[in-house]
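A short write-up of the structure that comes next.
Only heavy atoms go into these numbers, but all of them, side chains included; no hydrogens, no water, no symmetry mates. Chain A is the first sequence line, chain B the second, and so forth, proteins listed ahead of strands; every chain is numbered from 1.
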2 protein chains.
Amino acid sequence: MTVMMPTIKDVARLANTSKSTVSRFLNGKPVKKDTELALRKAIEELNYHPNMNARRLVLNRTQVVGIVVEDISNNFFTPILKGIRDEFDRKGYECVFYTWNLNRRREVDFMKLLYEEQVDGLIFVSFTRRSREDVRLMCDAPFPVVLIGDHAGVNEIYSIDVDNANGVHEVVNYLYRIGHRKIAHIAGPEHAGAGLEREHGFREAMLNHGISADLALIVQSDWTHQGGYNAMKALLEVGGFTAVVASNDESAIGAIGAAHEHGYSIPRDFSIVGFDDIGISQWIYPPLTTVRQPFQETGRRAAEVLYRAMVDEEATAAPRILLKPELVIRNSCLHVQTDG
Amino acid sequence: MTVMMPTIKDVARLANTSKSTVSRFLNGKPVKKDTELALRKAIEELNYHPNMNARRLVLNRTQVVGIVVEDISNNFFTPILKGIRDEFDRKGYECVFYTWNLNRRREVDFMKLLYEEQVDGLIFVSFTRRSREDVRLMCDAPFPVVLIGDHAGVNEIYSIDVDNANGVHEVVNYLYRIGHRKIAHIAGPEHAGAGLEREHGFREAMLNHGISADLALIVQSDWTHQGGYNAMKALLEVGGFTAVVASNDESAIGAIGAAHEHGYSIPRDFSIVGFDDIGISQWIYPPLTTVRQPFQETGRRAAEVLYRAMVDEEATAAPRILLKPELVIRNSCLHVQTDG
DNA sequence: TTGTATGCGTTATCAA
DNA sequence: TTGATAACGCATACAA
């Protein structure tokens with residue numbers, strides 16, 4: 001970077017005009033045909049590119065939105081990010097991705113960091129539970145903020161999430177419909193808001209069918225393959241169930257692995273259902289019945305909300321959006337005889 | 001963003017000192033104890049945050065590296081990106097991710113776009129074949145550029161990739177060792193450099209064992225589950241093989257699905273091996289024997305090379321790094337009787 | 001339609 | 001240790 005990049009001034013000199021004319025031309029304002037030609041030539045010749053930092057400084061606007069992601073290596077995030085990107089691509093905004101991990105900084109610390117980056121808006125993507133206090137702080141940011149995931153019950157902030165409870169209800173209803181009464185649950189990690197919502201949804205749905213949840217059949221896990229595997233082994237020790245509702249697809253897949261390892265066949269011996277519908281779920285054996293979470297749509301909608309808030313100061317959209325998930329029936333569940 | 005953010009000037013006024021002193025303090029230069037106290041108080045009170053754009057403008061250095069990714073929704077990319085991030089986090093650099101897709105722009109167009117963003121360095125991540133012409137252009141950038149993937153044989157550019165041919169050699173050798181002679185190949189897409197390298201590696205390895213490749217047993221595919229599924233169906237029509245080497249894990253998984261659907265059991269009826277070792281591969285049924293690609297390490301090394309090139313003008317590291325993949329043996333392959 | 005002059009928020013040079 | 005001043009590259013109000 002020791003080489004000096006040409007500036008608007010160099011272009012002006014070469015094209016025999018002034019800086020302001022160059023600037024105007026670059027911003028699509030009208031100039032005389034002659035000067036336009038001279039300018040094009042000069043720009044080409046110098047290989048000139050405008051300096052965005054300078055432009056941003058004077059405009060006090062960056063056309064950049066920040067996306068803060070909890071853990072970029074999580075596969076859930078990629079379709080969400082794609083949804084956000086695609087939407088902002090259309091609007092002519094740049095997306096800058098920041099990642100963090102739980103043990104280093106909090107989301108709000110990141111927000112302060114982004115005060116410096118002069119972003120025009122911000123989206124936080126995380127499946128971890130947020131504190132009221134943190135979310136309150138986010139409301140005070142000098143730019144609009146949209147949350148994907150938990151909003152800690154704060155209704156002043158823009159947020160978007162999937163209706164986790166509703167998704168699990170559908171799952172349990174389906175399982176009930178095909179005869180299952182003894183249903184186990186492999187829960188998500190405690191720190192995850194969505195995990196808790198799904199667990200509550202499970203208990204609720206069971207209650208709705210007049211089945212009191214058997215606490216021994218609800219086992220805590222962590223949304224990983226390994227976690228699902230371990231949880232299933234634990235459940236197999238307990239026994240006395242015909243179906244298991246996993247808190248996500250990965251743990252469902254781990255659970256299937258454990259069942260196979262114990263010589264069971266799915267769905268013959270146990271019905272298993274996941275949550276998320278990640279890409280692989282239709283390709284495993286047996287193809288997994290699950291709840292499709294509209295990841296990309298989630299990202300797209302978040303971008304939409306943020307955009308509206310950025311351009312329209314008094315946007316009055318509903319601050320909370322709850323997307324409906326969809327039950328996808330494949331081959332990991334089987335009809336069973338009801339007891340009574 | 002209508003609200004005016006406090007500047008260094010406001011801090012100076014409130015702390016009863018000058019802009020320069022504030023600036024020096026912010027950059028860790030020594031100030032008197034009294035002024036330090038006053039400054040801290042003023043900064044706190046005003047909730048002051050430095051404006052990075054202004055700083056970058058005057059420093060002509062951004063502490064930002066650009067990462068241009070072909071398709072953010074591809075799962076391969078996440079561990080690579082994580083490797084890059086982690087490394088630059090340590091170095092105090094910001095990472096800005098840009099995504100593109102094949103039908104919109106070329107990588108070099110992106111590079112020009114980044115002339116404007118004033119990044120200090122750039123990493124291109126793509127599995128698509130690159131043209132000599134494009135790579136040559138990248139060499140002329142005003143900042144260092146590192147390629148992950150194909151380098152079109154241009155040795156002047158920093159690049160890093162996995163030794164695809166070597167990986168496939170190991171696979172074929174292994175298959176040969178356990179008795180397989182009739183081996184099919186589900187190839188990757190034509191536009192992917194790595195796909196071609198793997199296919200060549202396959203032919204080479206077969207030849208090394210004195211087996212002339214049966215062209216009917218090499219079928220083109222596209223690295224997707226669906227593609228692998230279709231390819232396996234086609235192979236099953238042809239018949240006459242005991243093992244299949246898939247160009248990546250996803251198509252291997254699709255192929256297993258097709259085999260199951262036709263009533264075959266893996267590995268009893270066919271041995272199948274993949275490439276990449278994506279997270280799911282050890283959890284499917286049967287657990288997939290594959291070649292582990294060091295994704296995260298790839299990203300880390302790329303970041304390392306770029307960093308060296310950015311800080312040390314005359315870095316003379318070897319421009320091309322080829323990482324060795326590793327055969328991971330699980331349960332998707334079985335020993336068979338050799339014919340002769 | 002064009003040019004001059006000013007300012008955006010920061011760092012750096014130089015005297016004090 | 002501090003303060004005045006001049007950059008950095010660009011956009012814009014105003015005058016021409």
Side-chain angles (χ1 to χ4, degrees), chain A residues 1-40 42-43 46-64 114-120 142-143, chain B residues 1-40 42-43 46-64 94 114-120 142:
Chain A
M1 205 52 171
T2 163
V3 55
M4 224 41 182
M5 302 283 285
T7 75
I8 202 178
K9 197 170 159 186
D10 301 310
V11 176
R13 185 166 346 101
L14 192 61
N16 231 320
T17 177
S18 74
K19 293 197 302 177
S20 18
T21 303
V22 181
S23 174
R24 277 188 297 253
F25 169 68
L26 289 171
N27 289 300
K29 269 134 195 162
V31 295
K32 266 225 295 253
K33 201 68 195 168
D34 305 4
T35 48
E36 170 171 350
L37 255 48
L39 283 171
R40 285 197 189 285
I43 288 171
L46 292 169
N47 191 23
Y48 165 81
H49 292 272
N51 182 320
M52 282 301 170
N53 287 321
R55 166 175 285 169
R56 286 171 183 155
L57 176 58
V58 47
L59 288 182
N60 193 27
R61 190 171 42 101
T62 55
Q63 294 277 103
V64 169
L114 293 193
Y115 278 35
E116 310 186 351
E117 294 295 332
Q118 314 298 121
V119 294
D120 287 352
F143 38 70
Chain B
M1 202 57 170
T2 164
V3 54
M4 225 39 180
M5 303 283 284
T7 75
I8 202 177
K9 197 169 158 187
D10 302 311
V11 176
R13 184 163 351 99
L14 192 61
N16 231 322
T17 176
S18 74
K19 292 196 304 175
S20 353
T21 303
V22 181
S23 173
R24 276 187 299 254
F25 170 69
L26 290 171
N27 289 301
K29 268 133 196 163
V31 295
K32 268 226 293 254
K33 201 69 195 166
D34 304 5
T35 47
E36 170 172 350
L37 255 49
L39 283 171
R40 285 196 189 288
I43 288 171
L46 292 170
N47 191 24
Y48 165 81
H49 292 272
N51 182 322
M52 282 301 170
N53 287 322
R55 165 176 285 169
R56 285 171 183 156
L57 176 59
V58 48
L59 289 183
N60 193 29
R61 189 171 41 102
T62 55
Q63 294 278 102
V64 170
E94 212 71 67
L114 294 193
Y115 278 35
E116 309 186 352
E117 294 295 333
Q118 314 298 121
V119 295
D120 287 352

Exercise. Starting at the 5' end of DNA chain D, which residue's closest nucleotide do you reach first, A:Ile8 or B:Lys19?
Worked result: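 Its nucleotide being nearer the 5' end, the pick is B:Lys19.
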For this session: Would you mind telling me which residue lines up with the more 5' stretch of DNA chain D, B:Ala54 or B:Pro30, judged by nearest nucleotide?
Result: B:Pro30
Problem set entry | Under-4.0 Å side-chain N/O to phosphate OP1/OP2 contact, A:Thr35 with C:dT2 |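 Indeed, a polar side-chain atom of A:Thr35 lies that close.
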For this session: Considering just the side-chain nitrogens and oxygens of B:Thr21, establish if one lies under 4.0 Å of OP1 or OP2 belonging to D:dG3.
Result: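 True: B:Thr21 side-chain N/O within range (under 4.0 Å) of D:dG3 OP1/OP2.
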Length of the [atom1]-[atom2] vector between [X] and [N], whole Å:
X: B:Asn51; N: C:dT11; atom1: CG; atom2: P; result: 10 Å
X: A:Glu36; N: C:dT2; atom1: CD; atom2: P; result: 10 Å
X: A:Arg61; N: D:dA11; atom1: CZ; atom2: C1'; result: 11 Å
X: A:His49; N: D:dC8; atom1: NE2; atom2: C1'; result: 19 Å
X: A:Asn16; N: C:dT2; atom1: CG; atom2: C1'; result: 13 Å
X: B:Gln63; N: C:dT11; atom1: CD; atom2: C1'; result: 15 Å
X: A:Leu26; N: D:dT12; atom1: CG; atom2: P; result: 12 Å
X: B:Leu39; N: D:dT2; atom1: CG; atom2: P; result: 8 Å

So what does [X] touch, heavy atoms closer than 4.0 Å: a base, only the sugar-phosphate, or nothing?
X: A:Asn27; result: sugar-phosphate
X: B:Arg56; result: nothing
X: B:Ser20; result: base
X: A:Leu59; result: sugar-phosphate
X: A:Phe25; result: nothing
X: B:Ser23; result: base

Candidates [options] - which lies nearest the side chain of [X]:
X: A:Arg55; options: C:dT10, D:dG3, D:dC10; answer: D:dC10
X: A:Thr7; options: D:dG9, C:dT2, C:dT13; answer: D:dG9
X: A:Lys29; options: D:dA4, D:dT12, C:dG3; answer: D:dT12
X: A:Ser18; options: D:dC10, C:dG3, C:dT11; answer: C:dG3
X: B:Pro50; options: D:dT2, D:dG9, C:dT10; answer: C:dT10
X: B:Val31; options: D:dA11, D:dT2, C:dT10; answer: D:dT2

Quick check against the 3.5 Å criterion: does [X] have a side-chain atom that pairs as donor or acceptor with the backbone of [Y]?
X: B:Arg56; Y: B:Thr62; answer: yes
X: B:Asn27; Y: B:Lys29; answer: no
X: A:Asp10; Y: A:Thr7; answer: yes
X: A:Asp120; Y: A:Gln63; answer: yes

Problem set entry | Closest heavy-atom pair and its distance - B:Ala12, B:Ser18 | CB-C, 3.6 Å
Exercise. Which heavy atom of A:Leu57 sits nearest a heavy atom of B:Ala54, and at what distance?
Worked result: CD1-CB, 3.7 Å
